[in-house]
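Atoms within each ligand, like the ligands themselves, are counted from 1 in listed order. All figures in this text were calculated on a predicted structure; none of them were measured in a lab.
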Amino acid sequence: MIAMPQWAFVNDDFRPFSEAAFPLEDRGTQFGDGVYEVARIYRGTMFGFADHVQRMLTGADLIAIEHNWSVENLRPVFTELIRRNEQQDGIVYWQLTRGTAPRNHVFPHGVAANFMAYTRDYPDLSASWENGIKVIIAKDIRWLMCHVKSVNLLPNVLAKDAAARQGAGEALFEREGLGVIEGGSSNLFIVKDGVLKTPPLSEHILPGITRNYVLQLAAAAGIPAEQSYFSRQELLAADEVFITSTGVEVMPVVKVDEAVIADGVPGPLTRTLQQRYEAMISEAAGGR
Ligand SMILES: Cc1ncc(COP(=O)(O)O)c(C=O)c1O
């Protein structure tokens, strides 16, 4: 059971989590007209803070949300939220929407954006990190701005629910003409003949913060990496498969639908990258 946090931040103030709310005509609620972020907290410190805020700012620009948030004025908000909730480990979730206005698809100008943030505990994934997980492949029915971390998550929700019902931890989206490109809430990597492969950044995938860190860690470890598309067949024939996200970090995948990947255990490059990611966290925040 994940305990409810005590405090949330809504627009300009801290409020008890149980009383915090958005208006009925918040455009995020009615239209999915907003962006969100999830960052990890390790030992009371936010990990990758500036990168997450920068992605939110870029996403808000891409969908023309007017707001006043920045790396500078968000930092004290999150610091205080983490302090009030005594959140040692967990996540911080935040969401920025186009604000409150009488319902109309055409969006208003000059309306104040709505912002909210809160922290949450995060489950222990040790067993999955050790043994790897099963994933399924789902048809990618999403739109053509998947590089924006928008709160429109219905295709992701449906795909991940189908995965859960089949005893899998993630659904991988297969996009016609491109191949298998990312997960419902993660980026995808394969290893073949010692080379790491992940689909390139485009409007088809989210530019994952963890994906970027892993590519940097691979370069530092001398592991050759290619950013290119791969098919379902290449995925199934890979030597290693793993997914990355803020939450699952570097998560080995040992089964795709009913097919076992290689010999069914996490591979050596996945292990190296897991260890290096762990070391990076430790260095940033004094360890788990
Ligand atoms: C669709 C999608 N791709 C990839 C990711 C991984 O991104 P990050 O590493 O920044 O958490 C997420 C995270 O939620 C996501 O929703």
Could you go step by step and tell me if Glu80 and Arg75 meet the salt bridge (charged side-chain N to carboxylate O under 4.0 Å, His left out) rule? CA-CA 9 Å; Glu80 177 62 10; Arg75 196 183 296 277; over 6 Å; no
Verify salt bridge (charged side-chain N to carboxylate O under 4.0 Å, His left out) between Lys192 and Glu234, making sure each step is shown before the conclusion. CA-CA 9 Å; Lys192 187 68 183 175; Glu234 283 175 87; over 6 Å; no
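Listed by number with element, the atoms of ligand 1 under 4.0 angstrom from any heavy atom of Gly183 are 1 (C). Less than 4.0 angstrom separates some heavy atom of Gly184 from each of these atoms of ligand 1: 1 (C), 16 (O).
Remark: minimum distance from atom 16 (O) of ligand 1 to any protein heavy atom is reached at Ser185 CA, 3.4 Å. From the protein, the heavy atom lying nearest to atom 11 (O) of ligand 1 is Thr246 OG1, 2.6 Å. For atom 2 (C) of ligand 1, the closest non-hydrogen atom on the protein side is Glu182 OE1, 3.6 Å. For atom 9 (O) of ligand 1, the closest non-hydrogen atom on the protein side is Thr210 OG1, 2.6 Å. In this structure, atom 14 (O) of ligand 1 lies nearest to the protein heavy atom Lys149 NZ, 2.8 Å.
Not one N or O of Ser245 is nearer than 3.5 Å to an N or O of ligand 1, by distance alone. Residue-to-ligand polar distances keep Pro207 apart from ligand 1: every N/O pair is separated by 3.5 Å or more.
Between the side chains of Asn114 and Thr100, at least one donor-acceptor pair of N or O atoms lies under 3.5 Å.
Distances from atom 5 (C) of ligand 1 to the heavy atoms of Ser186, Gly247, Gly208 show the closest one on Ser186.
Side-chain contact between Phe9 and Phe14 is present, with heavy atoms from C-beta onward closer than 4.5 Å.
In this structure, Phe78 is a member of the same hydrophobic cluster as Leu96, with clusters built from ILVMFWY side-chain heavy atoms closer than 4.5 Å.
Residues meeting the ring-ring contact (aromatic ring centres under 6.0 Å, His included) test with Tyr93, sequence neighbours left out: Tyr36, Tyr118.
Atom OH of Tyr42 sits about 8.0 Å away from atom CD of Glu278, to the nearest 0.5 Å.
For the ligand labelled ligand 1, residue Asn187 lies inside the 4.0 Å heavy-atom shell.
Note on residues 137-166: no pairs pass ring pair (Phe, Tyr, Trp, His ring centres under 6.0 Å), not counting sequence neighbours.
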